[in-house]
Amino acid sequence: MSNQEALPRAYEPAAVEKHWFPVWEKSGCFHGKANPQKTPFSIVIPPPNVTGILTLGHVLNNTLQDILARRARMQGKEVCWFPGTDHAGIATEARVVKFLKETENVSRDELGRDEFINRVWQWKKEYGGKIITQLRTLGCSCDWERERFTMDEGLSDAVKKVFIQLYNKGYIYRGQRMINWCPAAKSALSDEEVIYRDVPGKFYHFRYPYADGSGYVVVATTRPETMFGDTAVAVHPDDERYAGKIGKMLKLPLTDREIPVVADQHADPTKGTGAVKITPGHDPNDFEVGRRCNLDVINIMNPDATLNDFCPAEFVGLDRFAARELAVKRMEEAGLLEKIEDITHAVGYSERGNVPIETLVSAQWFCKMGELAKPAIEAVKSGKIKFYPERWSKTYFHWMENIQDWCISRQLWWGHRIPAWYNDDNPGEVYVGETAPTAPGKWRQEEDVLDTWFSSWLWPFSIMGWPEKTEELKYFYPTNDLVTGPDIIFFWVARMIMAGCEFIGEIPFRNVYFTSIIRDDKGRKLSKSLGNSPDPLEVISEYGADALRFSIVYIAPVGIDIRYSNEKCEIGRNFANKLWNACRFRQMQGEVSADFENVPAGLSGDEEWMLARLEEAAKSIGEELDKFRFHAAAHALYNLVWSDFCDWFVEAEKLPLRAGGKEKERALAVLDYALNKILKLLHPFMPFITEELAHRMGFVAENDSIMFSQWPEANQELKLDNDIIRSIEGKFEMVRSGRNLRSSYSIADGKKLAFHIKAANETALEVLTKELDSLKHLLNASEIELGLEAFDCASRGAAPSQLGELGVISLPLAGLIDVEAECAKLEKQLKDIEKWLSGVRGRLSNEKFVNSAPAQVVADARKQLEELEAKKSQTESILAGLR
RNA sequence: GGGCGUAUAGCUCAGUUGGUUAGAGCGCCACGUUGACAUCGUGGAGGUCAUAGAUUCGAGUUCUAUUACGCCCACCA
């Protein structure tokens, strides 16, 4: 794309985006490698599920990472952003099971383990990892050569090594424990994978008769079907109502079993009847009671949550919910149903399976977390790792300080198979190691696989080749920033910190930025079923990737949820178009200056003003990004480009551009200098359009990229004259006043007008004289009468403006002005002035204020008083003149 | 039950360490196409900062309580 070619009127993102990404990727721009000459900067991507497709959440998350990476690259750092995907055990297995059912009508079990796993790999090859392509569409500057998958060989080795190490340390153990069971996945889950929902339910009160026929005990339950697992009824030892009953037997209804009344602290005498049925096999509390009272633990369920053959015949094979209804029915028939209450209670659901989980006792593998947590807590406490927003550290500490053992085994096939073997010749003998044991015996490998997060928590170093001591690891670890959602703070962030501390002896990252959660414009969560989840690829094709990126950062508030709708992308699209046209305008003025990196000598006031705005923007954008305040940086850019550059500077420069000669040359040089800086500052946010424009304008060589140009830090050497800058602000204020007059008389902008300006003082007069041509240009004035003496508004039929920094501008409109209306306007102004005046006077006459407020504040108030008084008297004289 | 967050213009949000006329974008109203841009320009209207107290010379900003909404954690039958 040569810079000779004229720019089209409107920016068309599609072709530009399609053009640049392959160019970048092919040229190896994104590749990072150990380079001792440079400071390393690394990020690891939160690996999306291999089944996943791009969502707006990913767009936000990855745009932010890209901004960090691209800025660091421009700052001259050696950048590596490590990409990859997660094998996502449950999600992927379920997905492929469904796929096989639909395409081949075969089940997982029909295929068998090895064949099924083959099919998952096939599926992955064909359909998996779509999101990786989609992230390219978004412009992500990941080091795509380094893409990894959590089931890759090296990463799997890391998992094994870690498992063995923790096993040998005594942290990993296998045991019978109460766990969360997902009937959909038919697997154990960790506590974190259970989400609690308040749902309507019923509270059933049942009568359990004493075996000797001496009446009954009333117990209440929300889960009648679990009664077949009851092994006791507990009462509080001090509960007088049951004095003498402890030890008596009850007949468990609908069965031929008898169960004892036991005494246990768990029974709360203040609740209900004070008696509680005990189901040690299906309730964590009851399990503990069972332990204390030596009760049997009975599992009454099959893996799919149907009742097993321990239950009465007619219940066997029934789904738990059907069993519930039947149990209630039978109890009622037996006259043992006391009452039913409607209640709302929290029910645990499986996060992935979206069905109520079962708590049951099962043999699973666990990892003790207490010791692992200690250094990880310290890392955040000491500030080695910083959270943004900081408050998330509270959530982190709370969880870490109460951390429970982690159930890491899953009854799935897709995942890292646990490297443990059982000796069938010698039951109880277990071997844990990289490969099958060679010792004699009939060894059988554990069927279970590991929780997906057991590989994800190693991501920051497994992706760099650990346990090999690679160059990457040495150079890029620990990484700099992590950008992720707060919803996986426990699943992932906390565990990565523990893993880093434990296995590398060093934290995995220094800063963690938690993104906002995206909702629709009504504040609802985005979900497929609601149909309110836009497809980012469609948005990109409609608005452009840059537009989507910019918009989503621009609208993302600090620490709260984002309300998104596609129309918001107009912000970015319009902004891109504005930038495009600013460049188009510049291009139409002639060749780009030879030196666009430096400022020419002999600047005009407007030009100094522009440089000042640019400096201030560069400074604030840098500072905001350092604090991860992305949206603030985006707003600063928006104002810089639209308001400062386009609305004021470009308009003002049209004058010297028209003048031609040296003046034009200088104006062009400043425009180029500013545009070049603007494109650089904007590049991390909008990589495509800035690359395109930088080339079109000739700011970067044909084979180069803006992504390696130098990031504009605030320029300390630039000496700007604050008086001049202030006077330009005054000029702009006067222009606004003049336009206001024009507008209030509904005079078209195109009509040339004559104005009068009364300068506030000698200095103002000097400034105004110097800027007179500019004022005429910006006001589209045919003539401006300028002086120190009061303008006789009444005789000239003129409407005066409000008093500004530099003076009063008035618009003589013989015969046209409405004197009454003008007077009313001024009187209102006068009233306002008086109101403020009395406020300031009141303050200054308050001794306490004068004595205790900082000197500067008092001085400011005094100055304000003077100004207001002057303003008042001037306004009064204008008013008098008008009459 | 515990913890956290949010409440500012019609809508979505800014508002740094308290400093006195609370800002932006969108929307709305008026006017406007003379070559950068109608994906635009110019001007304008619009807010007793959720409520009640407290601290202070001064509170959108600090403290307490209340209300509403949202999120997280917690074994309550």
Side-chain angles (χ1 to χ4, degrees), chain A residues 7 9-11 178 196 203 219-223 234 266-268 271-279 283-288 345-346 359 389 391-392 394-395 398-399 402 486-487 489-490 517 519 521 523 543 547 554-565 567-568 570-589 623 627 629 631-632 635 638-639 642-643 646-647 650-651 654 735-736 739-751 780 832-833 835-836 839-840 842-843 846-854 856-858 860-861 864:
Chain A
L7 265 61
R9 285 173 74 89
Y11 174 54
M178 181 67 67
Y196 288 89
F203 207 26
V219 292
T221 179
T222 55
R223 308 265 336 253
H266 169 64
D268 184 348
K271 281 189 180 155
T273 60
V276 55
K277 69 191 215 42
I278 301 297
T279 321
D283 182 281
N285 287 310
D286 293 4
F287 183 71
E288 293 305 316
H345 61 155
T359 44
R391 68 187 154 85
W392 289 110
K394 258 190 189 173
T395 309
H398 183 257
W399 188 74
N402 296 286
D487 49 331
I489 186 166
F490 307 138
I517 288 169
R519 296 172 173 278
D521 52 358
Y543 296 93
Y554 185 89
I555 64 169
V558 232
I560 55 178
D561 298 348
I562 300 176
R563 297 195 176 216
Y564 173 90
S565 65
E567 301 81 66
K568 298 241 168 105
E570 288 175 12
I571 298 169
R573 182 198 59 184
N574 295 356
F575 183 54
N577 192 247
K578 189 73 179 176
L579 180 72
W580 181 262
N581 273 287
C583 288
R584 182 164 179 262
F585 169 78
R586 168 59 191 89
Q587 203 195 36
M588 291 166 87
Q589 306 306 313
E623 286 171 357
K627 291 184 280 185
R629 289 164 46 98
H631 77 290
H635 281 258
Y638 190 91
N639 290 333
W642 206 305
S643 172
C646 293
D647 290 347
V650 168
E651 289 310 316
K654 282 177 180 172
V735 170
R736 270 190 213 102
R739 287 170 176 170
N740 185 333
L741 292 175
R742 176 191 285 272
S743 179
S744 52
Y745 283 94
S746 300
I747 302 164
D749 295 348
K751 188 173 161 64
N780 196 24
D832 287 343
I833 292 170
K835 198 177 106 198
W836 300 316
V840 178
R843 227 175 307 140
N846 183 340
E847 263 180 57
K848 282 181 180 167
F849 171 72
V850 179
N851 292 336
S852 46
Q856 188 58 51
V857 175
V858 178
D860 286 349
Q864 199 188 5

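These figures come from a predicted structure and were not determined experimentally. Residue numbers start from 1 in every chain, and the chains themselves are labelled A, B, ... in the order their sequence lines are given, proteins ahead of strands.
- No side-chain donor-acceptor contact under 3.5 Å links A:Lys568 to the backbone of A:Tyr554.
- A:Ile489 and A:Trp392 get closest at one heavy-atom pair: CD1-O, 3.7 Å.
- Paired with A:Thr279 under the rule side-chain contact (heavy atoms from CB on, under 4.5 Å), one option of A:Thr359, A:Asn285, A:Asp286 passes, and it is A:Asp286.
- The shortest non-hydrogen separation linking A:Arg563 to A:Asp521 is NH1-O, 3.7 Å.
- Taking the six-membered ring where the residue is Trp, A:Trp399 and A:Phe490 present parallel rings, their angle staying beneath 30° rather than reaching 60°.
- Taking atom CD1 of residue A:Ile555 and atom C1' of nucleotide B:C11, one finds them 13 Å apart after rounding to whole Å.
- The separation between A:Ile517 atom CD1 and B:G5 atom C1' is 11 Å, rounded to whole Å.
- In terms of modelled atom types and a separation under 3.5 Å, the side chain of A:Asn577 and the main chain of A:Arg573 share no donor-acceptor contact.
- Between A:Ala267 and A:Gly274, the closest heavy-atom pair is CB-O, 3.7 Å.
- By the side chain to side chain contact (heavy atoms under 4.5 Å, CB included) test, A:Asp561 pairs with A:Ile517, A:Arg519, sequence neighbours left out.
- Between B:U42 and B:U48, the two P atoms lie 29 Å apart (nearest whole Å).
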remark   = Nucleotide by nucleotide, nucleotides 54-62 of chain B touches protein heavy atoms under 4.0 Å in the pattern (B base, S sugar-phosphate only, - none) ---B-----
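- Under the 3.5 Å distance criterion, with hydrogens and angles disregarded, a donor-acceptor pair is assigned to the side chains of A:Gln856 and A:Asp860.
- A donor-acceptor pair is defined here as one N or O able to donate and one able to accept, closer than 3.5 Å; no such pair exists between the side chain of A:Arg584 and the backbone of A:Tyr11.
- B:G15 and B:C76 are spaced 38 Å apart, taking the P atom of each and rounding to whole Å.
- The closest donor-acceptor contact from the side chain of A:Ser852 to the backbone of A:Lys848 lies under 3.5 Å.
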remark   = Per-nt protein contacts along nucleotides 35-48 of chain B (heavy atom under 4.0 Å; B base, S backbone sugar-phosphate only, - none) come out as -BBSBSBSSS----
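- Between A:His635 atom NE2 and B:G15 atom P there is a gap of 10 Å when expressed in whole angstrom units.
- Per the geometry, NE2 belonging to A:His631 stands 11 Å off P belonging to B:U16, to the nearest Å.
- The two atoms that bring A:Thr221 and A:Arg223 nearest to each other are OG1-N, 2.9 Å, heavy atoms only.
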request  = Heavy atoms under 4.0 Å is the rule here; annotate nucleotides 70-77 of chain B 5' to 3' with B where the base is hit, S where only the sugar-phosphate is, and - elsewhere.
outcome  = ---S-BBB
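- Looking at A:Gln864, its side chain never comes within 3.5 Å of a backbone N or O of A:Val840 through a donor-acceptor pair.
- Scanning both residues, A:Lys578 and A:Cys646, for their nearest heavy atoms gives CE-CB, 3.6 Å.
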Report, one pair per line, the protein and nucleotides 6-8 of chain B atoms (nitrogen or oxygen only) whose separation is under 3.5 Å.
none

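- Proximity of a side-chain donor or acceptor of A:Asn581 to a complementary backbone N or O of A:Ala10 within less than 3.5 Å is not detected.
- Where A:Lys627 and A:Asn639 each meet RNA chain B at their nearest nucleotide, the meeting point lying more 5' is that of A:Lys627.
- For the pair A:Phe849 and A:Val858, the tightest heavy-atom approach, listed with the atom from each and the gap, is O-CG2, 4.1 Å.
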ask   = Using Watson-Crick and G-U wobble pairs whose two distances are both under 3.5 Å, how do you write the pairing of RNA chain B as dot-bracket, with | for links to another strand?
value = (((((((..((((.....[...)))).(((((.......))))).....(((((..]....))))))))))))....
